[in-house]
K.L.:
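Sharing a structure with you now.
Lettering of chains follows the sequences in order, A, B, ..., and the numbering in each one begins at 1. Predicted model, so just to flag it, every value in this text is computed and none were measured.
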2 protein chains.
Amino acid sequence: MNDMRDFLADLELTGFTSRVKRLSDDILYSTRDYYKSQDLDIEPNWHLIFLLLEQKAMTLTEISEELRLSHPACVKIINKMKKMGYIQSEPDKTDSRKQILELTEKSLEMLPEFHKHWNAGIETIHEITADCAEILEQLQKIEEKLSQGSYKIRTLRNYYKQ
Amino acid sequence: MNDMRDFLADLELTGFTSRVKRLSDDILYSTRDYYKSQDLDIEPNWHLIFLLLEQKAMTLTEISEELRLSHPACVKIINKMKKMGYIQSEPDKTDSRKQILELTEKSLEMLPEFHKHWNAGIETIHEITADCAEILEQLQKIEEKLSQGSYKIRTLRNYYKQ
DNA sequence: TACATTTGTGTAACTGGTTACATGAATGAT
DNA sequence: ATCATTCATGTAACCAGTTACACAAATGTA
């Protein structure tokens with residue numbers, strides 16, 4: 001059964017980035033597949049936006065900062081959510097550049113059902129990380145390291161150290 | 001300094017998937033930035049293809065299986081690498097469907113320099129995961145869990161269990 | 001040998017991110 | 001009050017993956 005060999009895993013640290021991407025993509029596409037199978041007309045990356053707007057109305061820039069996602073990425077997501085009737089916007093009264101984004105009636109109606117699916121998904125994450133008690137702490141540590149010095153900065157330093 | 005708060009981290013398991021994606025994207029774009037800053041005309045996802053073809057010539061399907069990447073994804077990468085003169089192909093003598101992919105002279109000439117950059121990058125991964133001794137084992141465990149049952153299958157089960 | 005199936009590759013359309021650039025509104029400094 | 005700067009949003013072009021479909025070559029089977 002040599003079939004289980006994994007080129008990326010064999011590479012150890014060299015394959016780390018690709019494996020993280022593979023994991024991320026794997027869950028992403030599987031989530032989309034799940035929604036499709038349940039006839040839900042939502043996308044995986046809408047989840048956190050729903051959670052944010054469920055708490056309070058926000059502007060696009062605020063959302064982009066909360067999620068640490070570029071604002072053009074948020075524009076695309078929000079536009080699609082608007083098109084599907086889950087988000088509506090109204091201009092800010094004091095600053096005409098801003099548009100206040102909020103959930104529609106359709107959202108409020110669907111959210112209880114969506115939450116059931118999201119909870120099932122969180123349970124899945126719980127399952128697959130069950131043997132990795134400290135995975136969130138480790139993720140945190142890696143994020144902290146990268147916030148102290150980006151991959152680029154660190155790699156430049158390492159290159160010239162050689 | 002409440003600015004350091006991270007909505008995704010606060011969500012714990014709910015934010016796990018998005019944080020993994022954020023990490024993956026962060027490293028990916030920073031790597032591209034690095035290559036650009038060093039005037040290297042290569043893309044981050046070419047790394048493993050170089051490593052594979054450095055060992056032996058392979059077909060597109062073989063590469064796609066090794067990397068566990070869809071074959072259309074490989075087609076795109078390979079075409080770009082061909083266009084940039086790093087890969088050449090010749091038809092298989094016994095099976096005219098297959099094309100054998102191999103590195104060009106340009107590749108062989110550049111690889112020593114590329115390896116220096118890749119090694120600096122691996123050193124960076126080493127740095128940022130230094131406090132996470134068992135990160136590779138944990139990744140392995142998560143991959144194994146998902147290979148036993150996909151995110152979709154597990155989440156369906158969890159949904160109907162509710 | 002003829003025909004159905006599998007395999008290798010390619011293309012199209014999609015989601016999901018990025019950086020770079022543009023523009024009009026708000027803010028701040030002189 | 002004016003002008004430079006910053007801020008909020010939008011658009012374009014790009015990279016990176018997916019699934020679905022197409023098609024010819026190879027293989028297996030009756």
K.L.:
So, Y151(A) versus Y34(B), ring centres under 6.0 angstrom or not?
P.N.:
no
K.L.:
Quick check: does any side chain N or O of K145(B) sit under 3.5 Å from a backbone N or O of E127(A), one acting as donor and the other as acceptor?
P.N.:
yes
K.L.:
Pull out every residue in residues 94-102 of chain A that has a heavy atom closer than 4.0 Å to any atom of DNA chain C, ordered by number, or say none.
P.N.:
T94(A), D95(A), S96(A), R97(A)
K.L.:
Between C1' on dT9(C) and CE on M58(B), what's the gap in Å once rounded to a whole number?
P.N.:
16 Å
K.L.:
Side chains of E90(B) and Q99(B): donor-acceptor distance under 3.5 Å anywhere?
P.N.:
no
K.L.:
With a 4.0 Å cutoff (strictly under), does any side-chain N or O of T59(A) reach OP1 or OP2 of dA8(D)?
P.N.:
no
K.L.:
Would you name the heavy atoms of L53(B) and L101(B) that are closest together and state the gap between them?
P.N.:
CD2-O, 3.5 Å
K.L.:
Tell me: NE2 of H47(A) to P of dG16(C), nearest whole Å?
P.N.:
14 Å
K.L.:
Using a distance-only test with no angle check, is there a side-chain donor-acceptor pair under 3.5 angstrom linking Y86(A) and D41(A)?
P.N.:
yes
K.L.:
Would you please say whether a donor-acceptor pair under 3.5 Å links the side chains of T155(A) and T124(B)?
P.N.:
yes
K.L.:
On DNA chain D, compare the nucleotides closest to L60(A) and L69(B); which residue's is nearer the 5' end?
P.N.:
L60(A)
K.L.:
Rounded to whole Å, please give me the gap between CD1 in I63(A) and C1' in dC7(D).
P.N.:
17 Å
K.L.:
Output the rounded distance in Å from CD1 (I49(A)) to C1' (dG16(C)).
P.N.:
12 Å
K.L.:
Parallel, tilted or perpendicular for W118(B) and H115(B), by the 30°/60° rule?
P.N.:
perpendicular
K.L.:
What does T61(A) touch in the nucleic acid at a heavy-atom separation under 4.0 angstrom: a base, only the sugar-phosphate, or nothing?
P.N.:
sugar-phosphate
K.L.:
Closer than 4.0 Å, any side-chain N/O of N45(A) to the OP1 or OP2 of dG17(C)?
P.N.:
yes
K.L.:
Identify, residue by residue, the members of residues 71-84 of chain B with a heavy atom below 4.0 Å from DNA chain D, and return them in order of residue number, or none.
P.N.:
P72(B), A73(B), K76(B), I77(B), K80(B)
K.L.:
If you compare all heavy atoms of L156(A) against all heavy atoms of S37(B), which two are closest, and at what distance to 0.1 Å?
P.N.:
CD2-OG, 4.2 Å
K.L.:
Can you name the nearest heavy-atom pair linking I87(B) to I78(B), along with the distance?
P.N.:
CD1-CD1, 3.8 Å
K.L.:
Rounded to the nearest Å, what distance is computed from the CZ atom of residue R68(B) to the P atom of nucleotide dT18(D)?
P.N.:
13 Å
K.L.:
In whole Å, what is the span from the CD atom of E65(B) to the P atom of dG8(C)?
P.N.:
7 Å
K.L.:
Does anything in residues 28-42 of chain A reach DNA chain D, meaning a heavy atom under 4.0 Å, and if so which residues?
P.N.:
Y29(A)
K.L.:
Do side-chain atoms of N158(A) reach the backbone of R154(A) as a donor and acceptor pair under 3.5 angstrom?
P.N.:
yes
K.L.:
Of all the heavy-atom pairs spanning G85(A) and K106(A), show the shortest one and how long it is.
P.N.:
O-CB, 3.6 Å
K.L.:
Starting at CD1 of I87(B) and ending at P of dT9(C), how long is that distance when rounded to a whole Å?
P.N.:
13 Å
K.L.:
Can you check the K21(B) NZ to dT18(C) C1' distance for me, whole Å?
P.N.:
10 Å
K.L.:
So, H117(B) versus Y35(B): side-chain donor-acceptor pair below 3.5 Å or not?
P.N.:
no
